[in-house]
Each structure stands twice: as structure tokens, then as C-alpha cells.
A.B. asks: 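One structure follows; several queries about it will come next.
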Amino acid sequence: MLTRTRIALGALVIGAAAFGSAALAQQPVNIAIATGGTGGVYYPMGGGMANVLSKHLPGIQATARVTGGSVDNLKLVGTGQSEVAFTMVDAARDALKGEDKFKGKPVELRTLMVLYPNRMHVVSVEGKGIDKMSDLKGKRVSTGSPGSATEVMAFRVIEAAGLDRDKDMKRERLGVAESTNALKDGKIDAYFWVGGLPTAAVTDLGATPGVKLKLVDHSDVVEKMNAKYGGIYSEGVIPAKTYPGQDKDNKISVVQNILVADAKMPEKQAYDIVKTLFEKRDEVALAHGEAKAIVLDTQNKKNTTIPWHPGAEKYFKEAGAKM
């Protein structure tokens with residue numbers, strides 16, 4: 001009788017252990033995607049990516065995280081608080097090298113995919129007397145929120161234009177939505193914003209009754225920026241009619257956006273994430289149209305100075321990218 005009881009108890013223990021192992025195996029892996037503010041492109045696109053990963057990748061539960069932008073995102077990856085992050089190449093390069101805002105604290109990043117070109121907007125409205133970069137002198141200007149790649153690139157554009165960001169303007173540090181409201185309310189005269197097209201907050205400004213949007217040309221600063229920062233910028237255009245009231249092309253500076261992860265992300269996980277996002281990018285584009293710019297031709301070293309994650313590199317080589 002005692003032996004039977006022991007056998008029964010042993011079976012219960014084994015059964016419970018097996019049940020516990022099965023339950024543990026079914027626990028989803030959480031993936032936090034660090035994006036940006038709600039008025040930009042990173043956040044809605046990141047939300048679309050989170051939905052796609054959660055829907056199509058078994059065992060993955062992904063969420064989009066509102067952040068201050070690229071610099072914050074890279075720090076979140078570095079501290080293990082986010083597994084995946086949106087960033088501009090210039091901010092990522094600083095993080096990898098431990099320079100500027102990452103001085104002495106390098107982050108071991110790896111590229112998952114090249115996303116879309118990020119376009120620098122220098123935004124004002126009629127009546128502020130701002131027609132060219134030199135007109136920013138003496139004005140109240142927002143250079144982007146703390147922890148954003150807008151701030152990183154804005155400082156470089158200002159420097160290349162021959163202006164001093166501290167002496168030549170009264171500087172605010174606002175996100176794109178806050179900058180738009182401040183410009184509407186007359187609290188600032190202009191703002192910098194680097195993002196995709198169209199950016200909702202800039203569209204909102206252009207559609208405001210009684211407001212005439214002005215976008216300031218500055219593509220002539222690209223050569224100086226590249227001479228100092230290593231050839232990662234290019235000249236570009238925000239086409240006329242991209243925003244309400246924009247009646248001509250806006251000549252601008254451009255930098256690529258990339259999706260990154262920590263170098264320690266398992267190769268299979270990185271492979272699965274990249275494969276799912278790339279092959280389901282039409283679904284991601286339902287959240288924001290810039291996802292249509294994620295194409296095979298841009299997945300190469302020319303568009304990112306950050307080393308590729310082995311899992312991402314494996315997928316893109318299989319897909320036929322010339323990396």
C-alpha cells in the first residue's frame with residue numbers, strides 16, 4: 001500500500017513538473033520597441049511593428065514605447081530596458097563610439113534594418129521674418145527635446161550654417177508636438193524637427209487657420225556637416241504640397257533611420273524579427289506610410305555605419321540584398 005502511495009505521489013510530482021515546464025515554455029517573450037514622441041513617425045510606425053510581431057511571430061509579445069527619441073532609445077537598449085529601438089544613424093554612431101551624449105558609455109549596437117530617410121525640417125510661419133538660416137539669429141528657436149536625435153542633428157545644422165546655438169538664439173528644447181503648439185501661440189519663432197513624411201505635427205501646423213507654413217532651405221550645410229561627421233548626411237527635398245500651405249520644394253539635409261538591437265540579442269531572435277517585419281511591411285505601412293521605404297536595395301553598409309546583427313545579415317543575404 002505504501003509503495004502504491006509513493007508511486008502515485010511520484011506521478012503527481014512528475015505531472016506537476018511537466019505541467020510547470022509546459023506553462024513556462026508558453027510564456028511569451030516580451031519585446032519593447034523604443035520609438036519617440038506621439039507627434040512624430042517613430043511612434044506610429046513602432047506601434048505597427050509591435051502589432052505585426054505580436055500577430056505573426058509565435059511566442060513574442062511586442063509593445064511600442066513612447067520616448068524622447070533616438071538618444072533615449074539607445075540608452076534604453078544599453079541598459080536592457082528595450083530590446084529594439086528606432087534611431088538615426090548619427091546618434092547611433094555616437095553611441096557605438098561612446099562620444100558626445102554617450103561619452104565614456106559606449107553601447108554595443110547592431111543594425112537590424114535600414115528604415116527610411118529622416119528629413120530635417122526647419123519650420124517657421126509667415127510674419128516671423130525667417131526666410132533663410134541666418135535669419136534665426138536673435139530668434140526664439142526650439143532645437144528638439146532632450147534625448148532626441150533632432151537635437152543632435154539640429155546642433156550640427158546650426159553649426160554648419162555658421163551660427164552659435166547658445167549665443168545667436170534663445171533656445172528651447174521641445175518635442176515636435178510641443179514646438180508646433182509653441183509656434184502657434186507665439187512663444188517661439190521657429191523649430192527644428194527631423195522625421196519622416198508627412199509628420200503629423202507639421203501637417204497640423206500647416207492646416208491651422210490663419211497660419212502660413214514656411215520651411216527653411218538649408219541643404220547647403222550638408223558638405224560642411226559631412227566634412228566633420230563622416231559622410232553620413234545627404235541633400236534631399238521635402239516635395240511641394242507635402243504639407244498644407246507648402247507651395248514649393250524645400251531643400252534639406254537627410255540622414256537614414258535604422259532599427260537596432262543590442263549585440264547580445266540571440267541570432268535566431270534577430271533573424272525572426274527582421275524576417276517578420278520585412279515580409280509584413282505592408283501591414284506596418286498601415287500605421288505609417290514611411291514603412292513603404294523599407295526595401296531590399298537600402299539594406300547595405302552604405303546606409304548604416306553600425307555593424308549588422310548576424311541574424312539580420314543572414315536574412316537579408318538570403319533575401320538577395322547586396323550588403
Side-chain angles (χ1 to χ4, degrees), residues 35-49 64-70 72 86 88 115-131 135-136 139-151 153-154 157 169 171-218 236-255 257 284-293:
T35 61
T38 56
V41 175
Y42 282 2
Y43 181 68
M45 187 182 290
M49 287 182 173
R65 185 176 202 161
V66 178
T67 70
S70 293
D72 279 355
F86 283 71
M88 283 165 38
L115 299 174
Y116 61 93
N118 231 12
R119 298 163 175 90
M120 176 55 81
H121 300 56
V122 184
V123 183
S124 189
V125 295
E126 277 195 357
K128 298 293 186 181
I130 300 173
D131 298 305
D135 293 333
L136 293 175
K139 302 295 186 180
R140 301 164 298 172
V141 182
S142 171
T143 52
S145 60
S148 69
T150 293
E151 187 175 68
M153 190 169 171
V157 170
M169 58 193 71
R171 192 158 53 83
E172 301 290 344
R173 304 175 77 192
L174 307 172
V176 64
E178 294 79 13
S179 292
T180 291
N181 290 333
L183 188 51
K184 284 182 188 179
D185 295 339
K187 294 177 180 177
I188 61 172
D189 302 305
Y191 67 81
F192 286 79
W193 162 252
V194 65
L197 302 179
T199 290
V202 182
T203 299
D204 175 58
L205 179 64
T208 302
V211 168
K212 173 67 173 175
L213 182 71
K214 294 190 80 171
L215 298 177
V216 181
D217 289 345
H218 63 277
V237 171
I238 299 176
K241 308 300 181 183
T242 298
Y243 296 107
Q246 182 199 352
D247 49 20
K248 63 178 182 177
D249 289 350
N250 176 216
K251 299 175 182 178
I252 59 161
S253 55
V254 175
V255 69
N257 288 296
V284 179
L286 296 175
H288 198 285
E290 282 285 20
K292 294 176 182 176

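Note that these values count all heavy atoms, side chains included, but never hydrogens, waters or copies made by symmetry. Bear in mind the structure is a predicted one, so any value in this text is a computation, not a measurement.
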A.B. asks: For residues H288 and P44, report the shortest heavy-atom separation together with the two atoms involved.
C.D. replies: CD2-CG, 4.3 Å
A.B. asks: Distance-only, no hydrogens or angles: does the S70 side chain make a donor-acceptor pair with backbone N or O of M88 under 3.5 Å?
C.D. replies: yes
A.B. asks: For S145 and G175, which heavy atoms make the closest approach, and how far apart are they?
C.D. replies: CB-N, 3.8 Å
A.B. asks: Can you classify the ring geometry of Y42 versus F86 as parallel (below 30°), tilted (30 to 60°) or perpendicular (above 60°)?
C.D. replies: tilted
A.B. asks: Do T180 and V123 have side chains that get closer than 4.5 Å, going by heavy atoms?
C.D. replies: no
A.B. asks: Counting N and O atoms only, with roles assigned by atom type, does the side chain of T67 sit under 3.5 Å from a partner on the main chain of D72, one being a donor and the other an acceptor?
C.D. replies: no
A.B. asks: Please name the pair of heavy atoms, one in S253 and one in H218, separated by the smallest distance, quoted to 0.1 Å.
C.D. replies: OG-NE2, 2.9 Å
A.B. asks: Could you please spell out the steps behind the side-chain contact (heavy atoms from CB on, under 4.5 Å) verdict for N250 and D217?
C.D. replies: CA-CA 6 Å; N250 176 216; D217 289 345; 2.9 Å; yes
A.B. asks: Minimum heavy-atom separation for I130 to K214, with atom names?
C.D. replies: O-NZ, 3.6 Å
A.B. asks: Drop me the distance from L205's CG to T199's OG1, to the nearest 0.5 angstrom.
C.D. replies: 12.0 Å
A.B. asks: Under the criterion side-chain contact (heavy atoms from CB on, under 4.5 Å), I'd like the reasoning laid out for T143 against T150: C-alpha separation, chi angles, the key distance, then a yes or no.
C.D. replies: CA-CA 7 Å; T143 52; T150 293; over 6 Å; no
A.B. asks: Any sub-3.5 Å donor-acceptor pair from R140's side-chain atoms to G186's backbone N or O?
C.D. replies: yes
A.B. asks: Kindly determine whether M120 and V194 satisfy side-chain contact (heavy atoms from CB on, under 4.5 Å), including the steps that lead there.
C.D. replies: CA-CA 4 Å; M120 176 55 81; V194 65; 4.0 Å; yes
A.B. asks: For residues L183 and I188, report the shortest heavy-atom separation together with the two atoms involved.
C.D. replies: CD1-O, 3.3 Å
A.B. asks: Please step through side-chain contact (heavy atoms from CB on, under 4.5 Å) for the pair V202 and L213, ending with a clear verdict.
C.D. replies: CA-CA 9 Å; V202 182; L213 182 71; 4.3 Å; yes
A.B. asks: Take D247 and K212, measure what salt bridge (Lys or Arg N to Asp or Glu O under 4.0 Å) needs, and give me the verdict at the end.
C.D. replies: CA-CA 10 Å; D247 49 20; K212 173 67 173 175; 3.3 Å; yes
A.B. asks: From N257 CG over to L115 CG, what is the distance, rounded to the nearest 0.5 angstrom?
C.D. replies: 6.0 Å
A.B. asks: Is it true that W193 and S179 share a donor-acceptor pair across their side chains at a distance under 3.5 Å?
C.D. replies: no
A.B. asks: For the atom pair CE (M153) and CG (N118), what is the distance rounded to the nearest 0.5 Å?
C.D. replies: 7.5 Å
A.B. asks: Hey, is the main chain of P239 close enough, under 3.5 Å, to the side chain of D249 for a donor-acceptor pair?
C.D. replies: no
A.B. asks: What distance separates D189 CG from K128 NZ, expressed to the nearest 0.5 Å?
C.D. replies: 4.5 Å
A.B. asks: With salt bridge (Lys or Arg N to Asp or Glu O under 4.0 Å) as the criterion, how do K187 and E178 come out once you've worked through the C-alpha distance, each side chain's angles and the decisive distance to 0.1 Å?
C.D. replies: CA-CA 11 Å; K187 294 177 180 177; E178 294 79 13; over 6 Å; no
A.B. asks: Once ring pair (Phe, Tyr, Trp, His ring centres under 6.0 Å) is applied, do any residues pair with Y243, and if so which ones, sequence neighbours excluded?
C.D. replies: H121
A.B. asks: Over all heavy atoms of both residues, which pair between D131 and V216 is shortest? Give the atoms and the distance, please.
C.D. replies: O-CG1, 4.0 Å
A.B. asks: Are K184 and D204 ion-paired here, with the side-chain N under 4.0 Å from a carboxylate O?
C.D. replies: yes
